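Structure, as C-alpha cells:
Positions are given from 1 along the sequence. Predicted model only: the values in this text are computed from it and were never measured.
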Amino acid sequence: MKVIIVTGLSGAGKTMAMDILEDMGYYCIDNMPPALIRSFMELAPKTKEVESVAFGIDVRGGSLFDDLKDTLDNFKKDGVDFKIMYLEATDRVLARRYNETRREHPLAHGESVSKGIKRERKRLEAIRGEADCIIDTSNLSKAQMAAEIRNIVSAGKDDRTFTVNIMSFGYKHGMPVSADMMFDARFIPNPFYVKSLKNLTGNNKKVQNYVMKHEVAQQFMDRVTKTIMTLIPYYKKEDKYNLSVCFGCTGGHHRSVTLANELNERLTQNGIRTTLEHRDL
C-alpha cells in the first residue's frame with residue numbers, strides 16, 4: 001500500500017492537495033490524529049478497496065500532532081512505502097489568503113496572522129526536514145499544483161486516474177444538471193414500439209441488438225467514442241479528471257440505456273476507468 005502524508009503550513013493548500021490526490025485514486029483522510037494512523041493501516045489490508053491512502057495532518061490536531069514523529073518511525077520499522085509531502089508559501093501570500101477568507105490562524109491565539117505563521121514555521125521545522133518533497137504554492141495555479149503533485153506521485157503516469165461517468169436518463173423525467181456532455185438518442189428507432197421489446201430495457205441483449213443494428217446508431221457511437229478519447233488528454237491537461245457523459249431518450253429505458261452500456265464497454269476496452277448509472281430504470 002502506498003501512503004502519502006500531506007502536511008505543511010496552514011493556508012498553503014493542503015485541502016486542494018488532498019482533493020487532487022483523491023482524483024488520482026487515493027483514499028484520503030484529513031486531520032486524523034497520527035496515533036490512529038497505525039490502527040487504520042492495520043485494518044486497511046483487509047479490504048481490497050484501499051490500495052493507496054493519503055493522510056492530511058496539520059497543527060489543528062494540537063498536541064496530537066506531536067505523535068506524528070512516532071508514527072513515521074513506526075512506518076520505517078514496518079517497511080511502509082510512504083512519502084511526506086510538505087506544502088508551504090511565503091508569509092505574505094499566507095497572510096493574504098487568511099485575510100481574504102477572514103479566518104483566524106490556528107496558532108495566532110488572538111494575535112496577528114503573521115505571529116501565527118511564525119509559530120507554525122517553528123513548530124514544523126522538524127517534519128519539513130523529513131519531507132520527501134516540498135511544494136511552494138505561492139505562485140501556483142490549481143492546474144500547476146495538480147501537475148506538480150502528479151509528477152511527484154506518479155512520474156506523469158496518470159492514464160488510469162481519469163474517470164468517465166456515464167449516465168442514461170429519460171427527458172420526460174428531466175435533464176441531469178451535472179452533465180459535461182449530453183447526447184440525445186431520440187433520433188434512433190424506438191424499441192418501445194416493438195411489442196416484444198416494449199417491457200424490456202437496454203440492459204437486455206435483445207434491445208441492445210435492436211438499437212445497435214441501425215447503422216446510424218453505430219456511426220453515432222463511433223463518433224462519440226472517438227471524440228471522448230480525443231478530448232481526454234486535453235481535459236487532463238486542464239486538471240479535469242472527471243467527465244460526465246449523459247445519453248437521453250424519451251423514457252430512459254431503452255435507447256439511452258443501450259448507448260450508455262455501449263460507451264461503457266468501449267471505453268473500458270480502451271483502458272479508461274468508468275462509472276455507469278441508469279438514472280430512470
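Glu130 and Lys69 are not joined by a salt bridge, as no carboxylate oxygen comes within less than 4.0 angstrom of a charged side-chain nitrogen. Ion pairing of Glu111 with Arg119 is present here, as a side-chain N (NZ or NE/NH1/NH2) and a carboxylate O approach within less than 4.0 Å. Residues Asp280 and Lys172 are not paired through a salt bridge, judged by the lack of any N-O separation under 4.0 Å between the basic side chain and the carboxylate. Ion pairing between a basic and an acidic side chain is recognised when a charged N comes within 4.0 Å of a carboxylate O; Asp222 and Arg266 show such pairing.
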Show, in sequence, the C-alpha distance, side-chain angles and deciding distance for Ile272 and Thr163, and conclude whether the side-chain contact (heavy atoms from CB on, under 4.5 Å) test is met.
CA-CA 7 Å; Ile272 304 300; Thr163 302; over 6 Å; no
Show the numbers, then the answer: is there a side-chain hydrogen bond (donor to acceptor under 3.5 Å, both in side chains) between Thr275 and Asn165?
CA-CA 5 Å; Thr275 66; Asn165 303 307; 2.7 Å; yes
Between Ser168 and Arg255, does a side-chain hydrogen bond (donor to acceptor under 3.5 Å, both in side chains) hold up when you go through it step by step?
CA-CA 9 Å; Ser168 69; Arg255 294 166 291 182; over 6 Å; no
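Remark: Arg223 CZ to Gln218 CD distance equals 12.5 Å, nearest 0.5 Å. With values rounded to the nearest 0.5 angstrom, Glu277 atom CD is found 4.0 Å from Met167 atom CE. The OG atom of Ser138 lies 7.0 Å from the CG atom of Leu94; values are rounded to the nearest 0.5 Å.
Here the closest non-hydrogen pair linking Thr258 and Met212 is CG2-CG, 4.1 Å. For the pair Ala217 and Val211, the tightest heavy-atom approach, listed with the atom from each and the gap, is CB-O, 3.3 Å. The shortest heavy-atom contact between His254 and Lys198 is NE2-O, 3.2 Å. The minimum heavy-atom distance between Phe82 and Ile84, with the atom names listed, is CE1-CG1, 4.0 Å.
Residues passing the ring pair (Phe, Tyr, Trp, His ring centres under 6.0 Å) test with Phe183, sequence neighbours excluded: Phe220, Phe247. Remark: His105 pairs with Tyr98 by the ring pair (Phe, Tyr, Trp, His ring centres under 6.0 Å) rule, at least two apart or across chains.
The side-chain contact (heavy atoms from CB on, under 4.5 Å) test with Lys83 singles out one residue from Val3, Ile5, Asp132, and that residue is Asp132. Applying side-chain contact (heavy atoms from CB on, under 4.5 Å) to Leu107 and the options Arg121, Lys115, Lys122, Glu120 leaves one that passes, Glu120.
No hydrogens or angles considered: a donor-acceptor pair under 3.5 Å links the side chains of Gln219 and Glu215.
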